[in-house]
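Okay, so here's the structure we're looking at.
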Amino acid sequence: VKSVERNNDNVRMEYPQIQFTSDCLRRYAIKKGKKLDEVLIEVQQAGGMDYIAALYAENPNQKAGVAARKLERKLRTL
């Protein structure tokens with residue numbers, strides 16, 4: 001098994017994308033000084049999960065720190 005289904009929408013995520021998303025959220029949480037759970041809710045409510053998926057699609061080899069900074073800038077503009 002190389003992929004996982006997301007809740008109820010049957011969108012498949014491969015393990016590298018899951019790891020990228022996790023790393024990005026973790027780095028964003030560290031930068032903000034918040035708990036990972038708080039950051040996950042914040043990002044989900046702002047529509048940032050789709051943005052992280054787009055960052056991964058754009059460049060799957062992108063560093064998590066770079067993606068976290070892009071995510072922070074994107075969420076500031078929303």
Side-chain angles (χ1 to χ4, degrees):
V1 178
K2 294 186 177 183
S3 62
V4 174
E5 290 187 23
R6 291 171 83 187
N7 296 335
N8 301 325
D9 61 6
N10 297 326
V11 174
R12 293 186 163 279
M13 292 177 69
E14 294 197 7
Y15 287 122
Q17 182 178 359
I18 293 168
Q19 186 66 49
F20 177 84
T21 302
S22 174
D23 290 347
C24 181
L25 289 171
R26 190 171 21 83
R27 293 293 292 266
Y28 181 75
I30 290 168
K31 185 170 175 79
K32 289 295 201 174
K34 295 182 176 181
K35 293 180 181 180
L36 189 56
D37 293 347
E38 294 171 358
V39 166
L40 180 59
I41 292 168
E42 175 185 323
V43 171
Q44 284 178 328
Q45 289 176 344
M49 297 302 287
D50 291 333
Y51 184 69
I52 294 171
L55 288 174
Y56 181 80
E58 176 184 303
N59 182 2
N61 298 317
Q62 189 168 194
K63 300 289 184 191
V66 173
R69 286 191 297 275
K70 288 180 179 181
L71 176 63
E72 182 179 14
R73 284 194 298 269
K74 178 71 172 178
L75 293 180
R76 252 190 269 144
T77 62
L78 296 177

Approximate separation, where rounding is to 0.5 Å, of [X] [atom1] and [Y] [atom2]:
X	Y	atom1	atom2	answer
Lys35	Ile30	NZ	CD1	15.0 Å
Leu71	Met49	CG	CE	9.5 Å
Phe20	Glu14	CZ	CD	14.5 Å
Arg27	Asp23	CZ	CG	8.5 Å

When you compare the side chain of [Y] with that of [X], does any pair of heavy atoms fall below 4.5 Å?
X	Y	value
Val43	Tyr28	yes
Glu72	Lys32	yes
Glu42	Glu38	no
Val66	Lys70	yes

Which pair of heavy atoms, one from [X] and one from [Y], lies closest together, and at what distance?
X	Y	value
Ala64	Cys24	CB-N, 4.0 Å
Gln62	Leu55	NE2-O, 3.5 Å
Leu25	Leu40	CD1-CD1, 3.8 Å

Under the 3.5 angstrom rule, does the side chain of Thr21 hit a backbone N or O of Gln17 as a donor-acceptor pair?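 Yes, because the side chain of Thr21 sits within donor-acceptor range (under 3.5 Å) of the backbone of Gln17.
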
